[in-house]
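Report on the structure given below.
Position 1 is the first residue of the sequence; numbering continues from there.
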Amino acid sequence: MVAAVMVGAVGSIGCGGVEPEPSRASVPSAAARYLEAADGLEDDDHNQCGVRRCIDIERDKNITHVFLDFGNCPIEDFRVTVRTESRGVEDVTDRLKSVGGPCQGLDADYRFELPGPDKMVRVCVQFKDYISKVRVGVKAANECTYESRTIDGNACRKCQPRH
């Protein structure tokens, strides 16, 4: 009986229509499994802290840099994760840079490099203080562009803690 309950609990973690990561020699990390299981929560209440909001980007050429622009919102506490075919799910928050780099014309708040090669990337932002519309741009080959879609389409506002 206990084994049946445990099997049911383990099976429920992977539900949600998430496509499996490319096969790797090792078992996915606990963080990767957590992020995959949370994919179904991305579009929950847009006034809550802690809800991941994501955008999928695809280009014909390898994407080498990703740019994030929060507009005039005073966002300071947030987390950024990416999912790529070559590296799977990664937390890139500690790799964010706010000065220098390519594509200065985009005038982004933050950027990070993708070691690649990747022509597709899922970028997710998890807010902890304010929630804002996020413009996401990429550099692929010599082209620097913002997506026409944004992460969360609403104006800057103080988020409310999850209950």
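With values rounded to the nearest 0.5 angstrom, C124 atom SG is found 9.5 Å from R79 atom CZ. Between the SG atom in C73 and the CD1 atom in I131 there is a gap of 9.0 Å [rounded to 0.5 Å]. Between S132 atom OG and N72 atom CG the span is 9.0 Å, to the nearest 0.5 Å. Atom-to-atom distance recorded for R135:CZ and D69:CG is 4.5 Å, nearest 0.5 angstrom. Interatomic distance, CG of D118 versus OG1 of T84, reported as 4.0 Å (0.5 Å rounding).
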Verdict with reasoning, V82 to L114, per side chain to side chain contact (heavy atoms under 4.5 Å, CB included):
CA-CA 9 Å; V82 296; L114 285 180; 4.3 Å; yes

V134 vs F127, side chain to side chain contact (heavy atoms under 4.5 Å, CB included): CA-CA, chis, key distance, verdict:
CA-CA 11 Å; V134 182; F127 298 103; 3.5 Å; yes

Take E90 and R95 through the test salt bridge (Lys or Arg N to Asp or Glu O under 4.0 Å) and record every step on the way to the result.
CA-CA 11 Å; E90 292 182 274; R95 294 185 355 216; 3.1 Å; yes

Working for side chain to side chain contact (heavy atoms under 4.5 Å, CB included), residues I57 and I63
CA-CA 9 Å; I57 301 171; I63 299 170; 4.2 Å; yes

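The side-chain heavy atoms of V123 and L68, taken from C-beta on, include a pair separated by under 4.5 Å. Looking at heavy atoms from C-beta onward, N62 lies in side-chain contact with K119 at the 4.5 angstrom threshold. Side chains of V136 and T150 form no contact here, defined as non-hydrogen atoms less than 4.5 Å apart. Put simply, the side chain of C54 does not reach to within 4.5 Å of the side chain of Q126, judged on heavy atoms. Two residues are said to be in side-chain contact when any heavy atoms from C-beta on lie closer than 4.5 Å; L96 and V80 meet this criterion. Side-chain contact check for H65 versus C103: every heavy-atom pair is 4.5 Å or farther apart. The side-chain heavy atoms of V125 and R53, taken from C-beta on, include no pair separated by under 4.5 Å.
Among all heavy-atom pairs drawn from P117 and S86, the shortest one is O-CB, 3.8 Å.
A donor-acceptor pair shorter than 3.5 Å can be found between the side chains of R59 and T145. A donor-acceptor contact closer than 3.5 angstrom is absent between the side chains of T81 and D91.
Annotation for Y146: hydrophobic cluster partners, listed by chain and number, are F67, L106 (ILVMFWY side-chain heavy atoms under 4.5 Å, direct or chained). Counting side-chain heavy-atom gaps under 4.5 Å among Ile, Leu, Val, Met, Phe, Trp and Tyr, M120 is found in no cluster with other residues.
With respect to E143 and K61, no salt bridge is recorded, no charged nitrogen being found less than 4.0 Å from a carboxylate O. In this structure, R122 does not pair ionically with E85, as no charged nitrogen and carboxylate oxygen lie closer than 4.0 Å.
For residues 99-116, there are no side-chain hydrogen bond (donor to acceptor under 3.5 Å, both in side chains) pairs, not counting sequence neighbours.
For the pair K158 and Y130, the cation-pi test (distance below 6.0 Å, angle within 45°) is passed.
The number of heavy atoms from other shown groups lying within 6.0 Å of CG (D94) is above 12.
Of the possible polar contacts, one joining the R149 side chain to the D56 backbone as a donor-acceptor pair under 3.5 Å is found. When atom types are taken as modelled, the side chain of D77 and the backbone of D129 share no donor-acceptor pair closer than 3.5 angstrom.
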